[in-house]
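Note that the structure is a prediction, hence the values are computed from the model and not measured.
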Amino acid sequence: MNSHKMLFFLLFLLCSCANNNNSTFPVRQDLNHELISTDVQFHEPDQIVFLQDAVFVLDRKSEYFFHVFSALDLSYYGSYIRKGHGPEEETSIFQIRPIEKNQFIYVTDNYVKIMDFDVANKSLKQVESFKTNKLFEVFKLDQNLFGIPRSFYEKNNKEFLEYKSSLDSCIAFGPNFLSRLKRYNNSEQIYLSSKKITVRPDHQLFAAVYGWFPVLRIYHSKNGDLKREIHFKTNQPFPDALLDEKLTIEQTRERTWKNYLDIQSTENFIYGMFAGKSLAELYPAEVLDDFPVEIHVWDWEGNLVKCIQLDHNIFSFTVSPDDKYLLAISWNQEEHLLRFEL
């Protein structure tokens with residue numbers, strides 16, 4: 001795989017939204033947005049997540065990485081972790097994931113850190129830090145860290161890795177890769193298996209949706225065994241173009257479809273942010289922007305619940321723990337959050 005195509009893939013792995021083929025869903029729900037004013041200006045908001053008492057927005061280009069709001073009324077608590085090289089500063093943060101209560105994970109180039117937000121004092125403190133650059137899409141089950149290989153050349157015959165901090169090494173975890181990937185070598189399987197992951201709040205199950213395939217998988221947390229695999233029917237081509245070095249970047253963009261861009265969950269439901277468009281359609285100017293997406297909803301048994309159509313393009317979203325509303329960020333709303341009542 002040449003370096004030019006690898007760079008192209010990495011750009012689109014970080015983000016990416018809507019296909020009207022939702023005939024398999026029992027219910028279609030159209031939602032209108034409400035703009036929620038904030039006391040902060042977003043520069044390049046990348047992720048938004050609910051904790052027990054706070055909502056965190058990860059902003060890559062702001063002076064501070066995290067903008068924090070009350071989970072109760074979305075009032076602004078403050079901004080945290082300054083960008084820089086000093087103590088308690090970071091040069092990059094490219095993932096945030098809730099763990100439980102007000103604890104969360106964030107991932108940098110060389111560390112995975114577990115943090116706790118103290119609502120009473122509006123302060124942030126570090127709980128644990130792991131020096132590793134082996135994992136992407138990091139999540140925690142029980143006391144252990146898991147993820148997918150950050151390197152496409154990591155030898156791994158399973159979907160996930162379990163990180164052993166005492167050895168700074170990983171062992172294989174979970175089921176085999178998708179059966180449709182059997183004909184590829186291991187690095188190609190990892191490359192084509194890019195996914196977004198969510199953990200059910202009770203930590204008994206976790207789920208993943210795929211970027212290059214319209215697939216949802218649900219797993220048992222205890223051993224990583226596959227509980228259910230669901231395929232959303234589309235007429236898109238197989239993403240072989242990603243591996244064909246004879247194609248130009250524009251040909252690859254036209255022949256490769258982006259499917260699920262994000263995933264969130266509550267105790268009751270899984271929410272997948274779906275594009276179902278070619279890269280050329282999603283990124284006509286070859287730059288990242290908001291996306292026209294659907295939200296696909298399943299229960300934790302893998303049953304289809306509904307397809308949600310939003311009236312505003314978004315970049316990322318989260319769901320209130322009681323399933324009453326969605327919160328979203330938009331690159332075209334610099335001082336607002338978007339709220340969609342469910």
- List the steps, then state whether ring-ring contact (aromatic ring centres under 6.0 Å, His included) holds for Phe146 with Phe160. CA-CA 7 Å; Phe146 299 83; Phe160 303 100; 8.3 Å; no

- Query: Going by heavy atoms in the side chains, are Asn303 and Ile230 under 4.5 Å from each other?
  - Reply: no

- Task: Test ring-ring contact (aromatic ring centres under 6.0 Å, His included) on Phe130 and Tyr111 and set out the steps.
- Result: CA-CA 6 Å; Phe130 303 90; Tyr111 286 89; 9.8 Å; no

- Item | Asp118 CG to Leu124 CG distance, which is reported to the nearest 0.5 Å | 9.5 Å

- Message: Consider ring pair (Phe, Tyr, Trp, His ring centres under 6.0 Å). Of Phe50, Phe117, Tyr77, Tyr76, which one does Phe69 pass it with?
- Response: Tyr76

- Item | Ring-ring centroid check Tyr271 His296, cutoff 6.0 Å | no

- Message: Is it true that Asn102 and Asp53 share a donor-acceptor pair across their side chains at a distance under 3.5 Å?
- Response: yes

- Item | side chain to side chain contact (heavy atoms under 4.5 Å, CB included) between Val49 and Val55, worked out | CA-CA 6 Å; Val49 298; Val55 174; over 6 Å; no

- Query: Is the closest side-chain heavy-atom distance between Phe42 and Leu337 below 4.5 Å?
  - Reply: yes

- Are more than 12 heavy atoms from other residues, nucleotides or ligands located less than 6.0 Å from atom CD of Gln126? yes

- Message: With heavy-atom distances below 4.5 Å as the criterion, would you say the side chains of Phe317 and Met273 are in contact?
- Response: yes

- Query: Quick check: does any side chain N or O of Arg228 sit under 3.5 Å from a backbone N or O of Glu301, one acting as donor and the other as acceptor?
  - Reply: yes

- Determine whether Asn313 and Ser330 make a side-chain contact, defined as any pair of heavy atoms from C-beta on separated by less than 4.5 Å. no

- Distance-only donor-acceptor check, side chains Thr234 and Gln236, under 3.5 Å: yes

- Query: Is it true that Arg60 and Asp46 have a side-chain N and a carboxylate O under 4.0 angstrom from each other?
  - Reply: yes

- Query: Is a salt bridge present between Arg200 and Asp202, judged by a nitrogen-to-oxygen distance below 4.0 Å?
  - Reply: yes

- Side-chain donor-acceptor pair present, His33, Asp311, cut-off under 3.5 Å: yes

- Task: Answer yes when Glu159 and Arg217 have at least one side-chain N-carboxylate O distance shorter than 4.0 Å, and no when they do not.
- Result: yes

- Task: Please determine if Lys140 forms a cation-pi arrangement with Tyr163, meaning its NZ or CZ atom is less than 6.0 Å from the six-membered ring centre and no more than 45° off the ring axis.
- Result: no

If you look only at distance, which donor and acceptor atoms sit under 3.5 Å apart when one is on a side chain in residues 169-180 and the other is two or more places apart or in another chain?
unit_1: Asn176; atom_1: OD1; unit_2: Lys158; atom_2: NZ; d: 3.1
unit_1: Arg180; atom_1: NH2; unit_2: His231; atom_2: ND1; d: 2.6

- Check whether any side-chain heavy atom of Leu35 sits under 4.5 Å from a side-chain heavy atom of Glu335, and report yes or no. no

- Message: Quick one: does any side-chain atom of Gln103 pair with a main-chain N or O of Glu100 as donor and acceptor, under 3.5 Å?
- Response: no

- Please determine which of Phe66, Phe139, Tyr80 meets the ring pair (Phe, Tyr, Trp, His ring centres under 6.0 Å) test together with Phe104. Phe66

- Message: Taking the ring of Tyr184 and the ring of Tyr191, is the distance between their centroids below 6.0 Å?
- Response: no

- Test side chain to side chain donor-acceptor pair (under 3.5 Å) applied to Lys113 - qualifying residues, sequence neighbours left out: Glu90

- Query: Phe56 versus Ile48: any side-chain heavy-atom pair under 4.5 Å?
  - Reply: no

- Determine whether the side chains of Lys101 and Gln52 contain a donor N or O and an acceptor N or O closer than 3.5 Å. no

- Task: Could you tell me whether Arg183 and Asp240 have a side-chain N and a carboxylate O separated by less than 4.0 Å?
- Result: yes

- Examine Lys258 relative to Trp212 and say whether NZ or CZ is less than 6.0 Å from the centre of the six-membered ring and inside a 45° cone about the ring axis. yes

- Message: Between Leu205 and His220, is there a side-chain heavy-atom distance shorter than 4.5 Å?
- Response: yes

- Item | Donor-acceptor under 3.5 Å (Ser221 side chain, Gln204 main chain) | yes

- Query: Could you walk me through whether Arg28 and Asp30 pass the salt bridge (Lys or Arg N to Asp or Glu O under 4.0 Å) check?
  - Reply: CA-CA 7 Å; Arg28 180 186 180 88; Asp30 295 323; 3.6 Å; yes

- Scan side-chain atoms only and decide if Ser320 and Asp322 contain a donor-acceptor pair under the 3.5 Å cut-off. yes

- Message: Looking at Glu137 and Lys196, is there a salt bridge between them, counting it only when a charged N and a carboxylate O are closer than 4.0 Å?
- Response: yes

- Residues His43 and Asp59: side-chain donor-acceptor under 3.5 angstrom: no

- Message: For Gln189 and Asn157, which I'm curious about, is there any donor-acceptor pair between the side chains at under 3.5 Å?
- Response: no

- Task: Identify the heavy atoms of Trp300 and Ala207 that sit nearest to each other, and give their distance.
- Result: CZ3-CB, 3.9 Å

- Message: Does any part of the side chain of Leu326, heavy atoms only, come nearer than 4.5 Å to the side chain of Leu310, both counted from C-beta?
- Response: yes

- Under 3.5 Å, is there a donor-acceptor pair between the Asn223 and Asp225 side chains? yes

